[in-house]
Amino acid sequence: MFVVIEPGSEPGSLRLVDVDETGGVLADTMVEREDASSAVQIRETESPRWVFARTSELYPQLLARGIRLGRSHDLALCRVILRRSTTTSGPLHDAPLDEWDAPREAPRDDGLLSGLGVAGSMRDRADAVAELQRQLATIQGATSPWRLRRLLAAESCGAMIACEIHADGLPWRRDVHNRLLTEALGPRPVFGGRPATLEQLANSIRAALAAPALNPDSPAELLRALRAAGLSVNSTSKWELRGIEHPVIEPLLRYKSLSRLMTANGWAWLDEWVHDGRFRPDYIVAGVVTGRWATDGGGALQLPKQVRPAVIADDGWTFVVADAAQLEPRIVAAMAGDVRMAEAGHSKDLYQGLVDAGTVDTRAHAKVAMLGALYGSTTGESARLMPRLMRDYPRATGLVEAAARAGERGEQVTTWLGRSSPPPADSWRAMMRAAAQVSATPAQERAARSARREWGRFTRNFVAQGTAAEWALCWLAELRHRLRSMGEASSRPHLVYFLHDEVIIHTPTEHADETAAAVQKAADAAGRGLFGDFPIDFPLGVTITRSYAEAKP
DNA sequence: TAATCTGGCCAC
DNA sequence: AAACGTGGCCAGATTA
């Protein structure tokens with residue numbers, strides 16, 4: 001049973017439309033503002049699949065009223081998948097773009113339209129029931145409906161989880177963060193400018209380079225000053241500076257590190273992004289083409305190790321931090337049905353498994369070779385080690401190689417559950433056509449070859465990263481389901497952070513062990529859900545800790 | 001002055 | 001040692 005839920009004509013009111021599994025409308029009800037919460041709660045006891053035009057536009061309002069739902073279908077997110085998938089066909093696949101394809105409207109924060117604002121937007125005037133019917137028909141006619149259903153359910157559940165994480169927030173101690181900044185940088189400057197430690201380092205750099213007016217924040221100025229001081233460098237990046245013998249190097253590298261801390265996660269960041277002891281990421285579900293989540297503001301995709309000590313659980317609570325070990329190699333092994341690589345991953349460390357199998361001699365080599373296969377490197381150590389991987393694991397390596405070749409031919413590639421890569425741009429095809437002409441110049445041929453290989457690296461990585469992302473979505477959904485039955489509503493373990501293959505759960509201390517067990521069970525269930533009986537393991541690194549900085553990565 | 005580009009660095 | 005995939009975000013530099 002589906003229930004389409006959308007804002008009614010009055011602020012706070014709701015329209016609920018019951019739709020059966022084939023798209024037939026059973027009932028169409030308007031609910032007044034005062035009755036909205038209880039009406040939704042009552043319907044929730046039947047565990048329907050709630051259908052949102054866009055989860056991010058309505059679900060936060062439900063969360064604010066204390067409502068959390070079990071299952072959902074996000075029309076806008078699902079349309080993107082269904083339209084682009086190589087496993088679907090029919091009207092939805094071929095129709096001209098309409099408002100359901102439009103990118104998300106920028107969230108408005110002016111207060112004028114908040115709450116009722118979404119009721120007046122274009123999207124909600126669009127016919128959600130008709131769109132659901134189109135999507136159901138498209139799923140029905142897909143090559144593998146069960147895979148798509150699983151993907152769409154996980155994607156939609158992810159959309160709810162993204163809202164819930166935002167609402168709950170990641171515990172963040174301002175006092176700890178502030179102390180950390182002061183110890184590293186000196187006191188916060190009252191009128192802006194550089195804090196004391198940073199200014200001292202800037203002066204050391206100027207002295208060592210005999211450049212009294214140098215602004216070390218300007219790469220161009222800095223490069224000129226380094227060269228004038230006799231250093232033969234091509235850039236000011238730290239990997240190139242590291243290893244050079246010169247008095248400027250030590251203060252310069254320290255300056256870079258501290259300057260980064262200051263500009264990315266300094267006092268200004270703290271003021272803007274941490275309120276009431278919580279950091280609230282704005283996740284963009286499927287914001288990455290591969291299906292990974294992106295984020296908007298706050299740099300939630302890159303919480304530096306330097307500031308993680310500020311992430312501390314509430315009193316009486318703790319974190320369960322879990323990350324999937326060597327996720328992408330395991331995903332590729334399972335997709336390819338590579339029993340031998342799956343066997344190497346039977347231990348907790350797949351890279352060590354490759355060493356034990358005699359493929360390579362060290363764990364570091366195993367990792368470099370594997371990442372080279374996943375990213376498509378063509379030079380250096382990983383290219384040298386790759387042939388051993390191809391020899392011992394022809395199925396797994398063959399899968400990513402085939403994805404690369406398909407991309408080079410301009411074809412789309414598709415994940416295990418049915419998310420497809422975008423076709424290359426018209427300009428890409430034009431480039432290939434131009435290079436194929438007899439009149440093509442060597443420069444054109446070179447550029448085309450380079451662009452072709454680049455697109456091949458993208459599609460190569462797409463199948464692995466994209467399928468890993470859908471495994472992670474299934475993991476999240478399974479985990480959320482398990483957490484929902486634990487404890488009381490006010491003291492229930494809940495997700496507070498997610499990043500690609502890692503989660504943080506904030507849990508009352510007494511539920512920590514149970515939560516740690518649940519997160520691994522969820523990973524096992526996600527693996528079975530995707531790959532059935534194929535003998536692939538998805539071990540996690542799990543840490544129970546009150547401080548994120550203490551979690552072993 | 002605002003928008004866009006560049007170099008650099010953080011995360012997985 | 002990076003190259004080689006996906007992102008976000010900053011300050012400075014350049015362009016409109």
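So you know, we letter chains A, B, ... as the sequences are listed, proteins then strands, and number each from 1.
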> Reading DNA chain B 5' to 3', which nucleotide is the first, and which the last, to come under 4.0 Å of any heavy atom in chain A?
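Result: B/dG8 to B/dC12.
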
> In whole angstrom, what separates A/Glu454's CD from C/dA3's P?
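To the nearest whole Å, that distance equals 14 Å.
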
> Using the side-chain hydrogen bond (donor to acceptor under 3.5 Å, both in side chains) rule, collect all pairs that involve residues 494-504 of chain A, keeping only residues at least two apart or in two chains.
A/Glu502-A/Tyr548

> Going by side chain to side chain donor-acceptor pair (under 3.5 Å), name the residues that satisfy it together with A/Glu550, two or more places apart in sequence or in a different chain.
none

> Kindly state which residues belonging to residues 397-430 of chain A come within less than 4.0 angstrom of DNA chain C, counting heavy atoms of the residue only, listed by number.
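Residues of residues 397-430 of chain A under 4.0 Å from DNA chain C: none.
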
> Before accepting this row, confirm whether a basic side-chain N of the pair A/Arg292/A/Glu328 lies closer than 4.0 Å to the acidic partner's carboxylate O.
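Here A/Arg292 pairs with A/Glu328 in a salt bridge, since their nearest N and O are under 4.0 Å apart.
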
> Which pairs, protein N/O on one side and nucleotides 9-13 of chain C N/O on the other, fall under 3.5 Å?
| from | atom 1 | to | atom 2 | distance (Å) |
| --- | --- | --- | --- | --- |
| C/dC9 | OP1 | A/Gly297 | N | 2.5 |
| C/dC9 | OP1 | A/Gly297 | O | 3.4 |
| C/dC9 | OP1 | A/Gly298 | N | 3.1 |
| C/dC9 | OP1 | A/Gly299 | N | 3.3 |
| C/dG12 | OP1 | A/Asn215 | ND2 | 3.3 |
| C/dG12 | O3' | A/Ser218 | OG | 3.4 |
| C/dA13 | OP1 | A/Ser218 | OG | 2.7 |

> According to ring-ring contact (aromatic ring centres under 6.0 Å, His included), does anything in residues 184-217 of chain A pair up with another residue at least two apart or in another chain? List the pairs.
none

> Rounded to whole Å, how long is the line connecting atom CG of A/Leu327 with atom P of C/dT6?
17 Å

> Indicate, with a heavy-atom threshold strictly under 4.0 Å, whether A/Leu303 touches base, sugar-phosphate, or nothing.
sugar-phosphate

> For A/Glu411, which residues count as a salt bridge (Lys or Arg N to Asp or Glu O under 4.0 Å) partner, sequence neighbours excluded?
A/Arg409

> Could you tell me how far apart A/Leu301 (CG) and C/dG5 (P) are, to the nearest whole angstrom?
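Rounded to whole Å, this separation is 17 Å.
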
> Below 4.0 angstrom, N of the basic side chain to O of the carboxylate: do A/Glu401 and A/Arg405 qualify?
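Result for this pair is yes, salt bridge flagged.
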
> Mind checking A/Glu240 for me? I need base, sugar-phosphate or nothing, with any heavy atom below 4.0 Å counting as a touch.
nothing

> Using a strict heavy-atom distance below 4.0 Å, which residues from residues 461-475 of chain A are in contact with DNA chain C?
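Nucleic-acid contacts, sorted: A/Asn461, A/Gln465.
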
> Base, sugar-phosphate, or nothing: which does A/Arg308 touch, judged by heavy atoms less than 4.0 Å apart?
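It contacts sugar-phosphate atoms only.
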
> Figure out the CD1/P separation between A/Ile331 and C/dT6, and round it to whole Å.
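One finds 18 Å between P of C/dT6 and CD1 of A/Ile331, rounded.
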
> Output all residues satisfying side chain to side chain donor-acceptor pair (under 3.5 Å) with A/Ser420, sequence neighbours left out; order by chain, then residue number.
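Partners of A/Ser420 under the side chain to side chain donor-acceptor pair (under 3.5 Å) test: A/Thr86, A/Thr414.
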
> Would you mind checking if A/Arg330 and A/Asp338 are paired as a salt bridge, meaning a charged N to carboxylate O distance below 4.0 Å?
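Salt bridge: no.
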
> With sugar-phosphate meaning primed atoms plus P, OP1 and OP2, does A/Leu499 contact a base, only sugar-phosphate, or nothing at under 4.0 Å between heavy atoms?
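Sugar-phosphate: the residue A/Leu499, judged by heavy atoms under 4.0 Å, touches backbone atoms but no base.
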
> Taking the six-membered ring of A/Tyr351 as reference, does the cationic atom of A/Arg363 (NZ for Lys, CZ for Arg) lie under 6.0 Å from its centre and within 45° of its axis?
no

> I need the CH2-P distance between A/Trp239 and C/dA3, as an integer number of Å.
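One finds 7 Å between P of C/dA3 and CH2 of A/Trp239, rounded.
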
> For A/Arg278, give me all partners under salt bridge (Lys or Arg N to Asp or Glu O under 4.0 Å), at least two apart in sequence or on another chain.
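If we apply the salt bridge (Lys or Arg N to Asp or Glu O under 4.0 Å) test to A/Arg278, skipping adjacent residues, the hits are A/Asp314.
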
> Could you check how far CG of A/Leu241 sits from C1' of C/dA2, rounded to whole Å?
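Answer to the nearest Å: 14 Å.
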
> Counting the atoms with a prime plus P, OP1 and OP2 as sugar-phosphate, which does A/Ser259 contact under 4.0 Å by heavy atoms, base, sugar-phosphate, or nothing?
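The residue A/Ser259 makes no contact with any strand.
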
> Could you verify whether a donor N or O on one side chain and an acceptor N or O on the other, from A/Ser85 and A/Thr87, lie under 3.5 Å apart?
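Short answer, yes.
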
> Please give, in whole Å, the distance from C/dA3 C1' to A/Arg457 CZ?
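Atom CZ in A/Arg457 sits about 9 Å away from atom C1' in C/dA3.
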
> Can you tell whether the side chains of A/Asp74 and A/Arg54 come within less than 4.0 Å, N to carboxylate O?
no

> Looking at residues at least two apart in the chain, or sitting in another chain, which of them share a side chain to side chain contact (heavy atoms under 4.5 Å, CB included) with A/Ala162?
A/Tyr283, A/Val285, A/Trp293

> Going by the rule side chain to side chain contact (heavy atoms under 4.5 Å, CB included), which residues pair with A/Ser347 if we only count those two or more places apart in sequence or in a different chain?
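Side chain to side chain contact (heavy atoms under 4.5 Å, CB included) check on A/Ser347 returns nothing, list empty.
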
> For A/Arg460, report the nucleic acid contact type (base, sugar-phosphate, nothing); a contact means any heavy atom under 4.0 Å.
nothing

